[in-house]
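Quick notes on the structure that follows.
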Amino acid sequence: NLLHIPPHTEQTRHTHPSFRTGIIISGSGECVTPDGCHALTPGLAFLIPANAAHSFHTSDEALRVIAFHPDSDFGPTDETHPMVNRTIIE
């Protein structure tokens with residue numbers, strides 16, 4: 001999936017039932033986890049373990065991410081898309 005996170009975004013902290021991995025292709029931001037804030041810059045690859053709390057934040061520029069979600073092999077609509085229904089907000 002190509003994720004586009006607009007400038008000045010502060011995602012709500014959330015989890016997913018499966019791991020997430022990806023690479024930053026443009027822009028900058030940070031991933032906030034219980035361990036702290038992690039800078040996100042082009043070329044950086046990441047892995048977020050299953051059920052790990054996290055959120056993405058941007059400042060003045062958008063962040064574009066190529067992400068792999070192992071449970072996203074179905075559903076192009078909002079009703080069945082795992083980026084919507086497999087995102088758990090505590």
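These values consider heavy atoms only, across backbone and side chains, with no hydrogens, waters or symmetry-generated copies. Computed from a predicted structure; not experimentally measured.
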Residue pair H14, H54: steps toward the side-chain contact (heavy atoms from CB on, under 4.5 Å) verdict
CA-CA 6 Å; H14 62 279; H54 64 282; 3.1 Å; yes
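- Rounding to the nearest 0.5 Å gives a distance of 12.5 Å between SG of C31 and CZ of R20.
- Counting heavy atoms from C-beta outward, S59 and E10 have side chains that stay 4.5 Å or more apart.
- In this structure, the separation between CD on E30 and SG on C37 is 4.0 Å, given to the nearest 0.5 Å.
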Output a table of donor-acceptor pairs, distance under 3.5 Å, between side-chain atoms of residues 38-53 and any protein atom two or more places apart or on a different chain; print 'none' if there are none.
{"from": "H38", "atom 1": "NE2", "to": "T33", "atom 2": "OG1", "distance (Å)": "3.1"}

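- Atoms CD1 and CG, on I66 and L3 in that order, are 8.0 Å from each other to the nearest 0.5 Å.
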Please assess L2 against I25 for the test side-chain contact (heavy atoms from CB on, under 4.5 Å), listing each intermediate value before the final yes or no.
CA-CA 9 Å; L2 172 62; I25 59 170; 3.8 Å; yes
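- Clustering ILVMFWY residues whenever any of their side-chain heavy atoms sit less than 4.5 angstrom apart, transitively, puts F56 in a cluster other than the one holding V32.
- Here the closest non-hydrogen pair linking E61 and G27 is OE1-CA, 3.6 Å.
- Contact of the D60 side chain with the P7 side chain is not registered, since no non-hydrogen atoms from C-beta on lie closer than 4.5 Å.
- Within the model, atoms CD1 of I5 and OG of S28 stand 11.0 Å from one another, a figure rounded to the nearest 0.5 Å.
- Between R64 atom CZ and T58 atom OG1 the span is 14.0 Å, to the nearest 0.5 Å.
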When you look at H57 and T9, which way does the side-chain contact (heavy atoms from CB on, under 4.5 Å) test go after all the steps?
CA-CA 5 Å; H57 299 252; T9 295; over 6 Å; no
